[in-house]
Amino acid sequence: ALTLLGTGALAQNPLSEATAPGNKVYFEIINDAEHPIPEDEIEDVTRELINAGSWTHVATPDEADFIMQVMAKKRVVFNSPRTWLTPSILDLSGHVLWEAKTQQADATMFNGFKATNTCIKKVIEKSFQEDLFRKAGRR
């Protein structure tokens, strides 16, 4: 009986239904106007986050099962580039189903001076694996 109850709860979880592996995602980066991340880094963010969730990228929201919105910002702090990323999952009507804490990373010699790539890894490990996938019943 408990198994059936748990299965029913998952089926009624909009976050779980939207973000199931194989679902289609429309990806939207909201780049900070004053401190945007470069276009090639936007491509990296899009590709890596979509791969982490095992989703299929689509060109328009009409084709999607859900929308991933990422607030992005990059600027120099103490002579070192720093990147901030805040992902959110929205349903097709624009309601927020999940929002992560902002992750940030600095460019250092230890990460090959690639703040954005390090920030993407933090989003995948801390936001997706520790929060999103757990809430969506994927862990």
Distance-only donor-acceptor hits, side chain of residues 67-76, under 3.5 Å, sequence neighbours excluded:
from: Gln69; atom 1: NE2; to: Glu28; atom 2: OE1; distance (Å): 3.1
from: Lys74; atom 1: NZ; to: Glu41; atom 2: OE1; distance (Å): 3.0
from: Lys74; atom 1: NZ; to: Glu41; atom 2: OE2; distance (Å): 2.8

Please collect all salt bridge (Lys or Arg N to Asp or Glu O under 4.0 Å) contacts where either partner lies in residues 49-63, sequence neighbours excluded, each pair once. none
Within a strict 4.5 Å, meaning less than it, do heavy atoms of the Leu90 and Leu97 side chains meet? no
Would you name the heavy atoms of Ala107 and Lys114 that are closest together and state the gap between them? CB-N, 4.2 Å
Nearest non-hydrogen partners of Asn31 and Pro36, listed with the distance: OD1-CA, 3.1 Å
Taking every heavy atom of Pro81 against every heavy atom of Ala115, the minimum-distance pair comes out as O-CB, 3.6 Å
Verify side chain to side chain contact (heavy atoms under 4.5 Å, CB included) between Thr56 and Asn23, making sure each step is shown before the conclusion. CA-CA 6 Å; Thr56 301; Asn23 275 4; over 6 Å; no
Distance-only, no hydrogens or angles: does the Ser88 side chain make a donor-acceptor pair with backbone N or O of Glu99 under 3.5 Å? no
Between Leu15 and Leu132, is any pair of side-chain heavy atoms under 4.5 Å apart? yes
I'd like to know if the side chain of Trp84 pairs up with that of Asp32 as donor and acceptor (distance under 3.5 Å, no hydrogens or angles considered). no
Is the gap between the ring centers of Trp55 and Phe66 under 6.0 Å? yes
Roughly how far, to the nearest 0.5 Å, is the NZ atom of Lys122 from the CZ atom of Phe128? 15.5 Å
Verify same cluster id: Tyr26, Val96 (apolar side-chain graph, 4.5 Å): yes
Should the pair Lys24-Asp65 be classified as a salt bridge under the 4.0 Å nitrogen-to-oxygen rule? no
Less than 4.5 Å apart, any side-chain heavy atom of Pro87 and any of Ile89? no
Within this structure, what is the NZ-CD distance for the pair Lys135 and Glu130, rounded to the nearest 0.5 Å? 12.0 Å
Rounded to the nearest 0.5 Å, how far apart are OG of Ser54 and CZ of Phe133? 7.0 Å
Hey, are the side chains of Ile37 and Thr83 touching, using non-hydrogen atoms and a 4.5 Å cut-off? yes
Return the set of residues passing side-chain contact (heavy atoms from CB on, under 4.5 Å) with Glu48 (not counting sequence neighbours), or none when no residue passes. Ile120, Ile124
Assess the residue pair Asp106 and Phe78 against the criterion (side chain to side chain contact (heavy atoms under 4.5 Å, CB included)); give the C-alpha distance rounded to whole Å, side-chain angles, the decisive distance to 0.1 Å, and a yes or no. CA-CA 10 Å; Asp106 294 323; Phe78 300 117; over 6 Å; no
Can you give me the closest heavy-atom contact between Pro61 and Leu92, atom names plus distance? O-CD2, 3.9 Å
Report the distance from atom NZ of Lys126 to atom SG of Cys119, rounding to the nearest 0.5 Å. 10.5 Å
State the CZ-CD1 distance between Arg47 and Ile42, to the nearest 0.5 angstrom. 12.5 Å
Is there a side-chain contact between His57 and Phe27 (heavy atoms, below 4.5 Å)? yes
Please evaluate residues Asn117 and Asp44 with respect to the criterion side chain to side chain contact (heavy atoms under 4.5 Å, CB included), reporting the C-alpha separation (whole Å), side-chain torsions for both, the decisive distance (0.1 Å), and the verdict. CA-CA 8 Å; Asn117 289 349; Asp44 291 343; 3.7 Å; yes
